[in-house]
Number of protein chains: 2
Amino acid sequence: MLTKKELTPCPVATTVDLIGNKWKLLILRDLLSGTKRFGELRKGVDGISQKVLTDNLRSLEEDGLITRTVYAEVPPRVEYELTELGGSLQPIMKMMEEWGNFYKESMKIEAGEC
Amino acid sequence: MLTKKELTPCPVATTVDLIGNKWKLLILRDLLSGTKRFGELRKGVDGISQKVLTDNLRSLEEDGLITRTVYAEVPPRVEYELTELGGSLQPIMKMMEEWGNFYKESMKIEAGEC
DNA sequence: CTGTATCCAAGAGGATACTG
DNA sequence: CAGTATCCTCTTGGATACAG
């Protein structure tokens, strides 16, 4: 289980519990540009394995940050989308993107894109 | 080793590599209010063990986000302080604090303080 | 007080095979 | 295509003892 809704009083800790892990922010980042299929996310999130992607998607769904829609087709199609709550993380991710570039500049590393 | 400067091109991934872990953000949060001694951080960061705190402080220092100052006294005193780079994370942490409260409201949990 | 050094446990994450 | 099911590895983190 990846999700642990620790009832910590500290709001920063709450946020860290929800998205402070190696993969979730990268998944959410990809979903910012719109609905994505499982396979698209797998390609978009650098070196993530199938199992770990599945685990994290379930956890994000459980926490109310994304929705999962299964289409009864053959072959099956599953789409993931940010909820309103998940979308509200955009400003934070935008700042993290800016800060990441700022950090690289400070360290004399060339900036990049996703 | 906690630090792995993956030379990923994605700035969000860079940020996640540096602070997207269970403890670092909580340590940095405590340092926002000013210089702190080792023991103060240990009390301030909820359930962190001595070893893990030490490991994370070393990693943050290595990444240029905090400084470590040792005073040659008896008993020894060691103070940790944000660098300018570390301090530049404040807006992100502020937003994470706000978002954490927003999340709790959405989930009908009472807001809290650190 | 602020560590370092071990030893261990738990869990995240990777590889592979198989399924509706 | 989008998973599930195992098995295994490695890292993170906790406990304890000890040192400068």
Side-chain angles (χ1 to χ4, degrees), chain A residues 1-6 8 13 16-31 34-63 65-81, chain B residues 1-6 8 13 16-28 30-31 34-63 66-81:
Chain A
M1 195 84 67
L2 269 158
T3 302
K4 309 163 213 166
K5 294 184 210 10
E6 318 262 322
T8 167
V16 170
D17 280 342
L18 290 170
I19 60 173
N21 103 1
K22 186 179 176 182
W23 299 111
K24 289 184 179 178
L25 271 167
L26 301 179
I27 295 170
L28 293 170
R29 172 203 63 187
D30 273 34
L31 290 175
T35 299
K36 292 276 182 305
R37 298 182 59 169
F38 185 86
E40 293 180 287
L41 288 172
R42 200 175 172 190
K43 284 172 204 154
V45 181
D46 181 43
I48 198 167
S49 70
Q50 188 179 43
K51 177 197 162 204
V52 175
L53 177 56
T54 301
D55 289 347
N56 278 278
L57 286 171
R58 293 288 183 283
S59 176
L60 288 168
E61 189 187 3
E62 201 176 322
D63 290 335
L65 299 180
I66 66 174
T67 57
R68 176 173 182 268
T69 309
V70 183
Y71 294 90
E73 306 173 353
V74 178
R77 178 165 56 105
V78 180
E79 292 192 340
Y80 294 90
E81 189 175 13
Chain B
M1 193 84 69
L2 268 158
T3 301
K4 308 163 215 165
K5 294 186 209 7
E6 318 261 326
T8 167
V16 169
D17 281 342
L18 291 170
I19 61 174
N21 104 0
K22 186 179 176 183
W23 300 110
K24 289 184 180 178
L25 270 166
L26 301 178
I27 294 169
L28 293 170
D30 274 33
L31 290 175
T35 299
K36 292 275 181 306
R37 298 183 57 170
F38 185 85
E40 293 179 286
L41 288 172
R42 199 175 173 192
K43 284 171 203 155
V45 181
D46 180 44
I48 198 167
S49 71
Q50 186 180 45
K51 177 196 163 204
V52 176
L53 178 55
T54 301
D55 289 346
N56 277 277
L57 286 170
R58 293 288 182 282
S59 176
L60 288 168
E61 190 187 3
E62 200 176 324
D63 290 336
I66 66 174
T67 57
R68 178 173 182 267
T69 309
V70 183
Y71 294 89
E73 307 173 351
V74 178
R77 179 165 56 105
V78 181
E79 293 190 340
Y80 295 90
E81 189 175 14

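Chain naming here is simple, since letters A, B, ... match the order of the sequence lines and numbering starts at 1 in each. Reckoned from all heavy atoms, side chains included, excluding hydrogens, waters and symmetry mates.
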| message | Just verifying a value: how many Å separate A:I48 CD1 and A:L57 CG, rounded to the nearest 0.5 Å? | response | 7.5 Å
| request: Tell me which nucleotide among D:dG3, D:dG13, C:dG13 gets nearest to the side chain of A:K51. | output: C:dG13
| query | In whole angstroms, how far is the P atom of C:dG13 from the CD atom of A:Q50? | reply | 16 Å
| query | Could you state the CZ-P distance from B:R77 to C:dC1, rounded to the nearest angstrom? | reply | 14 Å
| task | Measure from the side-chain heavy atoms of B:V78 and tell me the nearest of D:dG3, C:dG3, C:dG13. | result | C:dG3
| task | With a 4.0 Å heavy-atom cut-off, tell me which residues in residues 66-75 of chain B come close to DNA chain C, sorted by residue number. | result | B:R68, B:P75
| Side chains of B:W23 and B:L53: does their closest heavy-atom pair fall under 4.5 Å? | no
| Does D:dC1 have OP1 or OP2 sitting under 4.0 Å from an N or O in the side chain of A:Y80? | no
| note | Closest heavy-atom pair, A:I27 versus A:L41, reported as atoms and distance to 0.1 Å, is O-CD2, 4.3 Å
| field | side-chain contact (heavy atoms from CB on, under 4.5 Å) partners of B:K51, counting only residues at least two apart | value | B:S49, B:D55
| message | Taking the minimum atom-to-atom distance to the side chain of B:W23, which one of C:dG13, D:dG14, C:dT2 wins? | response | D:dG14
| task | Mind calculating the distance between CZ (B:F38) and P (D:dG20) to the nearest angstrom? | result | 18 Å
| Do A:D30 and A:L26 have side chains that get closer than 4.5 Å, going by heavy atoms? | no
| remark: Distance col, row A:E62:CD vs A:L60:CG, nearest 0.5 angstrom, shows 10.0 Å
| With side chains defined as the heavy atoms from C-beta onward, is the minimum distance between A:V45 and A:K36 less than 4.5 Å? | no
| task | Give A:R42 one of three labels, base, sugar-phosphate or nothing, depending on what nucleic acid heavy atoms sit under 4.0 Å from its own. | result | nothing
| note | From CG of A:L53 across to C1' of D:dC1 the rounded distance in Å is 13 Å
| Atom pair distance, as rounded to whole Å: NZ in B:K22 and P in D:dG13 | 6 Å
Mind listing the side-chain donor-acceptor pairs of residues 66-76 of chain A below 3.5 Å, one per line with the distance, residues two or more places apart or on another chain?
unit_1: A:T67; atom_1: OG1; unit_2: A:E81; atom_2: O; d: 3.4
unit_1: A:R68; atom_1: NE; unit_2: A:Y80; atom_2: OH; d: 3.2
unit_1: A:Y71; atom_1: OH; unit_2: A:E79; atom_2: OE1; d: 3.4
unit_1: A:E73; atom_1: OE1; unit_2: A:R77; atom_2: NE; d: 3.2
unit_1: A:E73; atom_1: OE2; unit_2: A:R77; atom_2: NH2; d: 2.8

| request: Return the nearest nucleotide to the side chain of A:R58; candidates are C:dT4, D:dT4, C:dG14. | output: D:dT4
| field | A:P76 or B:L57, whichever maps to the more 5' nucleotide of DNA chain C | value | B:L57
| Any idea which of D:dG13, D:dC1, D:dT4 is nearest the B:N56 side chain? | D:dG13
| Nearest-Å distance for atom pair NZ/C1', residues B:K36 and C:dT2 | 17 Å
| said: Using whole Å, what does the distance between atom P of nucleotide D:dC1 and atom CG of A:L41 come to? | reply: 14 Å
| request: May I have the distance from A:E79 (atom CD) to D:dC1 (atom P), rounded to whole angstrom? | output: 15 Å
| said: Any side-chain N or O of B:R37 below 4.0 angstrom from OP1/OP2 of C:dC1? | reply: no
| task | Check every atom of C:dC1, D:dG14, C:dT4 against the side chain of B:T54 and return the nucleotide holding the closest atom. | result | C:dT4
